[in-house]
Amino acid sequence: MKIYRKISVLAMAALVLASGFTSCSNDELDTNQYNKSGVNILGFGPMPITRGATMRVTGTKLNEVQEVLFPGGNQKVTPSSTTINGEFQLQNSQEMTVTIPDQCVPGKLRLVTKSGDVVESKTFITFAEEIKVSSIDPNPIHPGDILTIKGEYVWNIGQVVFFDHVVVDAENFVVNTRNEIQVRVPMEAKSGEVAYNDGSEGAENIVLANLSVDAAKATAVSNATPEFGDEITITGENLDLVTDIDFPAVDDVKDFSVSADGKSLKVKVPATCVSGTVTLNSASGLTTSVDITVPQATVSSINPTKDVKVGNTITITGEKLDRIVELVLPGLDTPLKKGEFTQSATQISFVVPEGMGDGKVVLVQHANYSVESDKISMYSEAPETTIWSGNKTIGNWDGSMGDLSWGGYDWSTVKPGQVLTIYLTPDMSAGWSQIRVGNGSWAALPGTADTNDLTAGDTKFSVTLTQAMIDELTANGGLVLCGAYFTVTKVTLSILEETIWSGSTALGNWSGNVGDLSWGGYDWSQVAVGTTLKLYYEVDPSVGYINIRFGNGSWAALPSTLSWGNDGNATPDPSETSIKTVLTADDLDQLVNAGGLVICGAGVICKKVVLQ
């Protein structure tokens, strides 16, 4: 037999020190142990001892003890530990003598106080007679079954120790007699050496045998490609030992049934799991598994991806797209819910809303599974201002462009809705390129991805700034651009515009006008001096020339535009698509008191009027 020692403090040969269940108080710090309050066991001995012998117990307030209980053997009739009343003689409040009962087994000494409290020893009563084991049966064995150990003085066994430190104390043996003990194999037990010891501190563990303990084993699944909610049957051996099941992304499933013979287990596939390995767990820590593939949406393409405008329809193709419940659009906090987009099993379409920015569309199937589209880039005709320009090359996450961090730019002046655009050139020589838009500590801004893949054709990367992003930039060190294999040449911020009119009005040859902003059509009194008034237009080639006038309600040119040409008539180059003026106090006086704004002229089709 193998012998090895438990990791513990060596017991005193003559007197075993122990402590009872008492509350912590300052008197426990006293070096005089007899200063403890209440009933306490300080020691007992000698140990080991023989049945029928007299044992000395020292402690405090022992005159308050009304019963002495010893751990008992024989067959247990209840799940609780069997105890035996022992005879005792009180010597004084600090000492008593007790007689060890004939049926006592290794275990804890208990004192019952007159108030009904039970004080337990920390260490075990142990016995001197030599333990001789003649047999151990059965082997192999199933957790929960009875292991029988026979021999001489086997009731002196204080603990049976299963492999990997799974311990059953003598007080929890099912049967404990001189020649036979019966131990219920713990559900935590697994194959390996089984040993015993006499229960004393520092006791030697004596190996009895290599015990083969049954373990759950899954061999097949009835349907490896189930639908969510389907009941699947897992077959194998000893599946009654399974305590819980971990599906991919859904752990600790306990709602399952097992056949009486332990050879099959039925469980429903959770609605929010994903494809992968289903793991069956046991109390022993051992696992067994099967693989399943559940229906998961995939994306094969998205169109269009470049110069996408508000109002455009984007179409995503793929498989199982009818399972998608929401679309998370770049730059928007509120996703599109099912019913706000059209979908079939192979296609999803949606209309681009205001505020959508550059990035990937995330298609959400359920809480634990989503799939991304390729990146899309929004068209922008809005003006922008350059806040940095240069030539900074980023290697493989070994550098950054940090000129706009830590005081390099005042981010508190930025407003939600402004578009941050990074002009760049990816270096695809390594086969890949990535960018992160981060704070001063390189952490990705809220609502942005930790890494964003770039393609060879990318020339810019844009983020529509939210208040959360601006707060992060302001509070945590500004902007740092980092990533791998690209060169950044310019960073811009869009200039926010307020659209006060949009449509499609041809001015013809001074035969049409935009008059919706005149004579009460717009409240010009709320506009501040210094605001930019801007017209977006398209050239009408059928007229042959271009004139544009910003006039008051009577078509008279605004004062700030008189320098544009005769009577304030601008004649821009045909390549231009917009014209603007910065409103003065005189302009606003005309707009407020002389009938508002009329845009007239020739050769253009007016599309939008904005304030910046």
Side-chain angles (χ1 to χ4, degrees), residues 379-389 413-415 417-419 421 490 492-612:
Y379 172 80
S380 177
E381 60 185 13
E384 60 186 18
T385 182
T386 300
I387 60 174
W388 179 87
S389 63
T413 63
V414 179
K415 304 296 182 184
Q418 284 188 267
V419 177
T421 301
K490 185 170 65 172
T492 66
L493 279 172
S494 65
I495 299 172
L496 286 180
E497 296 181 332
E498 177 190 358
T499 299
I500 59 175
W501 177 88
S502 63
S504 183
T505 298
L507 299 186
N509 189 1
W510 289 91
S511 58
N513 66 80
V514 175
D516 295 343
L517 300 172
S518 66
W519 302 110
Y522 186 76
D523 182 7
W524 291 98
S525 66
Q526 65 181 346
V527 180
V529 172
T531 300
T532 297
L533 174 65
K534 186 172 185 178
L535 168 69
Y536 291 95
Y537 61 86
E538 295 175 357
V539 174
D540 182 356
S542 66
V543 176
Y545 73 102
I546 298 173
N547 275 163
I548 299 174
R549 181 190 297 171
F550 285 0
N552 63 16
S554 301
W555 292 34
L558 296 181
S560 66
T561 65
L562 290 173
S563 62
W564 284 3
N566 186 38
D567 293 329
N569 299 333
T571 55
D573 187 276
S575 64
E576 299 293 331
T577 57
S578 66
I579 189 171
K580 63 184 179 181
T581 188
V582 178
L583 297 175
T584 64
D586 291 338
D587 291 334
L588 289 171
D589 179 62
Q590 290 289 304
L591 292 169
V592 173
N593 300 310
L597 176 71
V598 173
I599 298 175
C600 51
V604 298
I605 302 170
C606 298
K607 304 300 289 185
K608 184 167 65 172
V609 179
V610 302
L611 296 176
Q612 297 175 345

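What you see below is based on every heavy atom in this structure, not just the backbone, and it leaves out hydrogens, waters and symmetry mates.
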Quick one: does any side-chain atom of [X] pair with a main-chain N or O of [Y] as donor and acceptor, under 3.5 Å?
| X | Y | result |
| --- | --- | --- |
| Asp586 | Pro559 | no |
| Gln418 | Ser494 | yes |
| Trp524 | Leu517 | yes |

TODO: Output every pair passing side-chain hydrogen bond (donor to acceptor under 3.5 Å, both in side chains) with a member in residues 566-577, not counting sequence neighbours, ordered by first then second residue.
DONE: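 Counting only pairs at least two positions apart or across chains, the side-chain hydrogen bond (donor to acceptor under 3.5 Å, both in side chains) contacts touching residues 566-577 are Arg549-Asn569, Asp573-Ser575.
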What is the minimum heavy-atom distance between [X] and [Y], and which atoms define it?
| X | Y | answer |
| --- | --- | --- |
| Ile599 | Leu535 | CG2-CD2, 4.0 Å |
| Gly530 | Val582 | O-CG1, 3.6 Å |
| Ala557 | Leu562 | CB-CD2, 3.8 Å |
| Tyr537 | Ile579 | CE2-N, 4.0 Å |

TODO: Measure the spacing between CG of Asp587 and OG1 of Thr531 and express it to the nearest 0.5 Å.
DONE: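 Output value for this atom pair is 11.0 Å.
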Could you list the donor-acceptor pairs under 3.5 angstrom formed by side chains in residues 507-516, with sequence neighbours left out?
| unit_1 | atom_1 | unit_2 | atom_2 | d |
| --- | --- | --- | --- | --- |
| Asn509 | OD1 | Tyr545 | OH | 2.4 |
| Asn513 | OD1 | Gly515 | N | 3.3 |
| Asp516 | OD2 | Trp501 | NE1 | 3.0 |

Validation row: [X], [Y] side chains within 4.5 angstrom (heavy atoms):
| X | Y | value |
| --- | --- | --- |
| Val604 | Asp540 | no |
| Leu591 | Val527 | no |
| Tyr522 | Leu597 | no |

Task: Donor on one side chain, acceptor on other, Ser560 and Thr581, under 3.5 Å - done: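 Result is yes, a qualifying pair exists.
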TODO: Classify the side-chain pair Lys607/Ser502 by whether it contains a donor and acceptor separated by less than 3.5 Å.
DONE: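 The answer is no; no qualifying pair exists.
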